[in-house]
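Being a predicted model, the structure only gives us computed values, none of them experimental.
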Amino acid sequence: LEFTVGGEGYAVDATAVREVCRVKAITPVPSTPDHVAGVMAVRGRIVAVVDLSVLVAAPACVLGDDTMGIVLHSDDMEFAVVADAVIGLRTISDSSLQVDVSALSGARRAYLLGVTENRTAVLDARRLLGDDALIAVQQGGGVQITGGSS
């Protein structure tokens, strides 16, 4: 699934996407790590919203009427990321990725599988979903977000 955040192109494996929805409101949650933008309601569920701009040192998404939420999921984890726009589905072969990302550091490098010829950053959705620092657990009608800043 290809999308933009802060004017930059990103993609994630579509099999890790539960759904794409319009973001109506994000409610901030006090005392959470910087990479947690807050929570939002998605079909009656409270879903944590992770700010990709903090995780991968990218320009921030500007929230507006057209802001989209991309809900990523695995057996153990679910959270949303916000996007300026969702471009659509595209097949990207692993062999077409530039994987020499040695100039990048920290989380930006850890979550990146590679970059396409047209500069779309392909994120490793499995690594994002498996990162203990991003765990958000719904408990008793609320959301408990654990982990430190990346």
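By the salt bridge (charged side-chain N to carboxylate O under 4.0 Å, His left out) test, Arg119 is found to be paired with no residue, residues two or more places apart in sequence or in another chain being considered. Shown here are the side chain to side chain contact (heavy atoms under 4.5 Å, CB included) partners of Thr4, two or more places apart in sequence or in another chain: Asp84, Ala85, Ile87. Considering only residues two or more places apart in sequence or on other chains, Met40 meets the side chain to side chain contact (heavy atoms under 4.5 Å, CB included) condition with Cys21, Val23, Val42, Val49, Ala80. Listed by chain and number, the residues in a side chain to side chain contact (heavy atoms under 4.5 Å, CB included) with Ser93 are Ser95, Ser96 (sequence neighbours excluded). Listed by chain and number, the residues in a salt bridge (charged side-chain N to carboxylate O under 4.0 Å, His left out) with Arg126 amount to none (sequence neighbours excluded). Every residue two or more places apart in sequence or in another chain that forms a side chain to side chain contact (heavy atoms under 4.5 Å, CB included) with Leu63 is listed here: Ile26, Thr67, Val82.
Annotation: the span from Tyr10 atom OH to Leu112 atom CG amounts to 8.5 Å, rounded to 0.5 Å. Note that CG of Leu128 is 12.0 Å distant from CG of Asp13, once rounded to the nearest 0.5 Å. Separating the CG atom in Leu113 from the CZ atom in Arg127 is a distance of 7.0 Å, to the nearest 0.5 Å. Distance CD/Glu117 to CD/Gln98: 10.5 Å, rounded to 0.5 Å.
Inter-residue side-chain proximity for Val36 and Phe79 is flagged as unmet; no heavy-atom pair is nearer than 4.5 Å. Contact of the Glu78 side chain with the Leu72 side chain is not registered, since no non-hydrogen atoms from C-beta on lie closer than 4.5 Å.
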From CA spacing to verdict: side-chain contact (heavy atoms from CB on, under 4.5 Å), Leu52, Tyr111: CA-CA 10 Å; Leu52 273 181; Tyr111 297 128; over 6 Å; no

Could you walk me through whether Met77 and Asp131 pass the side-chain contact (heavy atoms from CB on, under 4.5 Å) check? CA-CA 9 Å; Met77 174 89 90; Asp131 189 340; 5.8 Å; no

Working for side chain to side chain donor-acceptor pair (under 3.5 Å), residues Asp76 and Ser74: CA-CA 5 Å; Asp76 303 324; Ser74 68; 5.3 Å; no

Full working for side-chain contact (heavy atoms from CB on, under 4.5 Å) between Val122 and Leu97: CA-CA 8 Å; Val122 179; Leu97 294 177; 3.6 Å; yes

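Here the closest non-hydrogen pair linking Arg45 and Val71 is NH2-CG1, 4.3 Å. Here the closest heavy-atom approach between residue Arg22 and residue Met68 is recorded as NH1-SD, 3.7 Å. Residues Ala83 and Ile70 approach most closely at CB-CD1, 4.0 Å, considering heavy atoms. A pairwise comparison of heavy atoms in Leu129 and Ala16 identifies CD1-CB, 4.1 Å as the closest pair.
Between the side chains of Asn118 and Thr120, at least one donor-acceptor pair of N or O atoms lies under 3.5 Å.
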